[in-house]
Amino acid sequence: MNRMDNDLLAIQEARILIENAREAQKTLATFSQEKLDWIVERMAAEVAKYARELAMMSQEETGFGKWQDKYIKNIFASDFLCKKIRAMKVVGIIAEDKENQTMDVGVPVGVIVALLPSTNPVSTAIYKTLIAIKSGNAIVFSPHPKAKKTTRRVLEILVRTAEASGLPCGAIGYQRTQALEGTLGLMNHQDIALIIVTGVPKLVKAAYAAGKPTIYGGPGNGPAFIERSADIKQAVADIITSRTFDYGIVSASEQSVVAEECIADEVRQELRRNGGYFLSEEESEQLGKLFLRPDGSVNPDIVGKSAVELARKIGITVSENTKVLISEQRFVSPANPYAKEKLCPVLAFYVEKDWLNACEKCIELLLNDGRGHTLVIHSRNEQVIREFALKNPVSRVLVNTPATLGGIGGTTNLFPALTLGCGAVGGGFTSDNVSPLNLINIRKVGYGVRKLEDITCGVPAESVESAGLTRLTGLNGSFCSGPGYPKERTQDLNKLLETLLEQLLPYRNA
Ligand SMILES: CC(=O)SCCNC(=O)CCNC(=O)[C@H](O)C(C)(C)COP(=O)(O)OP(=O)(O)OC[C@H]1O[C@@H](n2cnc3c(N)ncnc32)[C@H](O)[C@@H]1OP(=O)(O)O
């Protein structure tokens with residue numbers, strides 16, 4: 001098949017997938033939380049049986065990471081996540097405040113289009129499927145071209161199990177025909193409600209351009225600060241565990257260590273003892289040249305490779321026990337490849353006089369790359385921890401824990417997620433560890449009746465009366481407009497509102 005035919009087929013497939021998903025979602029929207037939970041439980045239990053096989057398959061297909069750690073991530077995204085969301089109420093009446101007479105109704109957003117990273121294709125596919133179905137949504141995936149075989153395999157397992165457990169056919173879909181045109185077809189379909197992108201920086205602009213709300217789990221560049229009061233042995237052990245997990249491809253992972261001057265030598269010694277290899281200036285320069293492609297994007301050749309393999313790439317031999325390559329750095333700049341996200345077991349090492357300077361260094365690093373993502377601090381000084389939490393432009397501040405596992409909610413009580421929001425500072429609209437609650441709208445119900453005097457804040461009753469407030473409240477306070485509602489009536493109400501606001505202004509400013 002030539003490329004044009006393939007593109008046409010992918011576009012057609014995208015249309016059918018969304019149409020099927022839309023129909024399936026209508027039925028799904030009528031399911032109770034219990035019914036949705038049953039399907040989620042079945043999927044999680046079944047896919048967990050394949051966690052090891054899928055981990056090996058993923059590493060083999062993409063060449064990224066370490067299958068043993070991917071195995072852990074797959075269990076985390078199925079068994080662990082399922083336990084954590086079991087008690088969550090996401091659809092239907094999810095909260096009620098009897099005293100204030102308000103109620104929250106969780107309403108699924110509809111059809112979600114999901115993109116997966118080549119670095120975590122399996123665990124991210126499981127996680128997104130479980131949170132989408134938990135919240136009553138249909139989800140259609142566009143597999144990453146580098147991980148298509150593995151992604152199809154995991155989704156096949158999930159679809160088969162879910163449909164056998166009562167999920168309407170089409171509620172979980174995925175593209176079989178791989179083409180950018182098909183992915184764009186999914187994202188631009190008028191009937192989708194939300195796009196959720198993890199990794200794949202090259203397609204984020206296309207997602208935003210589709211004009212749909214987009215949740216993006218973007219790049220990190222998290223520094224790890226070791227403060228003088230820290231348990232240095234534990235801090236270093238955490239950093240090494242974290243940086244080597246899946247050979248450094250999780251976005252929450254530490255990219256640099258910032259140590260206080262008075263403990264810097266001890267930290268260096270401990271890093272060496274734990275498998276850290278300090279590169280010479282020349283070696284640093286050589287390795288640094290491999291990090292980025294000419295267009296400034298991360299070079300996939302170094303992603304998810306072991307420290308020994310990376311050393312081999314620059315022609316140096318290090319001991320087989322080497323876990324992390326470390327480069328001493330002083331300055332942060334866009335031209336310094338060590339001051340960015342590296343997605344492999346390499347750490348930049350900075351020394352700062354005191355915590356204030358260290359805090360500034362962390363801010364500099366985060367503004368350089370990975371805005372809004374994650375930072376970790378190792379310290380027993382509560383005041384310093386608080387200052388870091390207040391000042392750094394991140395969505396997650398982790399304390400005395402490995403950042404990789406802490407950021408995704410493994411070693412911390414953050415929500416277990418494989419899509420980590422970076423907030424407005426990172427160009428997104430949520431800073432959350434994305435959960436089923438990010439995939440619903442909350443319908444607010446207010447059934448309390450408040451007396452007029454309570455909302456006029458001392459405005460004389462006559463003014464309120466003449467402003468027509470009584471007539472407005474007569475309509476339950478809601479302003480009606482739109483199709484089917486008489487135009488004159490809308491204009492009338494708008495006029496009343498204007499008069500009312502004008503009259504209230506002097507009292508507001510007083
Ligand atoms: C919690 C977490 O850790 S999740 C976040 C994981 N972090 C990341 O993914 C970090 C950001 N990612 C990256 O920098 C890159 O994806 C890398 C370096 C990891 C891998 O790079 P690559 O192997 O080149 O893959 P990349 O994702 O850039 O995609 C390669 C090509 O496939 C295309 N592609 C990716 N997904 C799709 C898709 N669903 N449909 C169609 N095309 C796609 C890309 O547009 C790109 O096309 P191009 O080369 O023509 O421009």
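Order of listing sets the numbers, starting from 1, for every ligand and every atom in it.
Only the side chain of Thr198 comes within 4.0 Å of ligand 1, judged by heavy-atom distances. Here Pro143 has backbone heavy atoms under 4.0 Å from ligand 1, and that is the only part of it that gets that close. Proximity of Arg293 to ligand 1, defined as any heavy-atom pair under 4.0 Å, is confined to the side chain (atoms from C-beta onward). The side chain of Leu343, and not its backbone, has at least one atom closer than 4.0 Å to an atom of ligand 1 (non-hydrogen atoms only; side chain from C-beta on). Of all the heavy atoms of Leu203, the ones lying under 4.0 Å from any atom of ligand 1 belong exclusively to the side chain.
Between Glu156 and Arg153 there is a salt bridge, since a side-chain N of the basic residue sits under 4.0 Å from a carboxylate O of the acidic one. Taking 4.0 Å as the cut-off between side-chain N and carboxylate O, Arg312 and Glu309 do not count as a salt-bridged pair. Here Glu387 pairs with Lys391 in a salt bridge; the nearest charged N to carboxylate O distance falls below 4.0 Å. Of the charged side-chain nitrogens involved, none lies within less than 4.0 Å of a carboxylate oxygen, so that Arg86 and Asp37 do not count as a salt-bridged pair.
From the protein, the heavy atom lying nearest to atom 26 (P) of ligand 1 is His144 NE2, 3.4 Å. For atom 39 (N) of ligand 1, the closest heavy atom belonging to the protein is Ser142 OG, 2.7 Å. Residue, atom and distance of the protein heavy atom nearest to atom 35 (C) of ligand 1 are Val200 CG1, 3.2 Å. From the protein, the heavy atom lying nearest to atom 22 (P) of ligand 1 is Lys146 NZ, 3.3 Å. If you check which protein heavy atom lies closest to atom 20 (C) of ligand 1, you get Ser118 OG, 3.8 Å. For atom 19 (C) of ligand 1, the nearest protein heavy atom (residue, atom name, distance) is Thr119 CG2, 3.7 Å. Of the protein's non-hydrogen atoms, the one nearest atom 3 (O) of ligand 1 is Ser251 N, 2.8 Å. Of all protein heavy atoms, the one closest to atom 47 (O) of ligand 1 is Lys202 CD, 4.2 Å.
Proximity to Gly199 (heavy-atom distance under 4.0 Å) selects the following atoms of ligand 1: 8 (C), 9 (O). Listed by number with element, the atoms of ligand 1 under 4.0 Å from a non-hydrogen atom of Val250 are 3 (O). Interface of Leu418 with ligand 1, defined as ligand atoms under 4.0 Å from a residue heavy atom, comprises 1 (C), 4 (S).
Cation-pi geometry between Arg176 and Tyr174 is met: the NZ or CZ atom falls under 6.0 Å from the ring centre, inside 45° of the normal.
Distances from atom 1 (C) of ligand 1 to the protein include at least one heavy-atom value under 4.0 Å. There is a protein heavy atom closer than 4.0 angstrom to atom 11 (C) of ligand 1. In this structure, atom 24 (O) of ligand 1 has a protein heavy-atom contact shorter than 4.0 Å.
Note: Tyr338 and Phe349 fail the aromatic proximity criterion, with ring centroids not under 6.0 Å apart.
Taking all atoms of both residues into account, the shortest heavy-atom contact from Asn137 to Gly110 is OD1-N, 2.8 Å.
Of the listed options Pro117, Pro145, Gly304, Pro145 places a heavy atom closest to atom 36 (N) of ligand 1. Across the listed options Ala10, Gly63, Pro201, Gly220, Pro201 owns the non-hydrogen atom lying nearest to atom 15 (C) of ligand 1.
Below 3.5 Å of separation, one finds an N or O of Thr183 facing an N or O of ligand 1. Polar contact with ligand 1: absent for Glu341 (N/O pair, distance under 3.5 Å). For ligand 1, one of its N or O atoms has an N or O atom of Asn120 under 3.5 Å away.
Contact check for Phe64 versus Pro300: side-chain heavy atoms found under the 4.5 Å cut-off.
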**Request:** Evaluate the criterion side chain to side chain contact (heavy atoms under 4.5 Å, CB included) for residue pair Leu420 and Phe415; output intermediate values, then yes/no.
**Result:** CA-CA 10 Å; Leu420 307 175; Phe415 183 81; over 6 Å; no

**Item:** Test log, rule side chain to side chain contact (heavy atoms under 4.5 Å, CB included), inputs Tyr127 and Val434
**Value:** CA-CA 10 Å; Tyr127 149 77; Val434 175; 3.3 Å; yes

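For the residue pair Asp238 / Gln234, a side-chain donor-acceptor distance below 3.5 Å is found, with atom types taken as modelled. No side-chain N or O of Ser280 forms a donor-acceptor pair with one of Glu282 less than 3.5 Å apart. If you check the side chains of Glu227 and Ser379, you find a donor sitting under 3.5 Å from an acceptor.
Counted within 6.0 Å of CD on Gln68, heavy atoms from surrounding residues, nucleotides or ligands total more than 12; the atom is thus considered enclosed.
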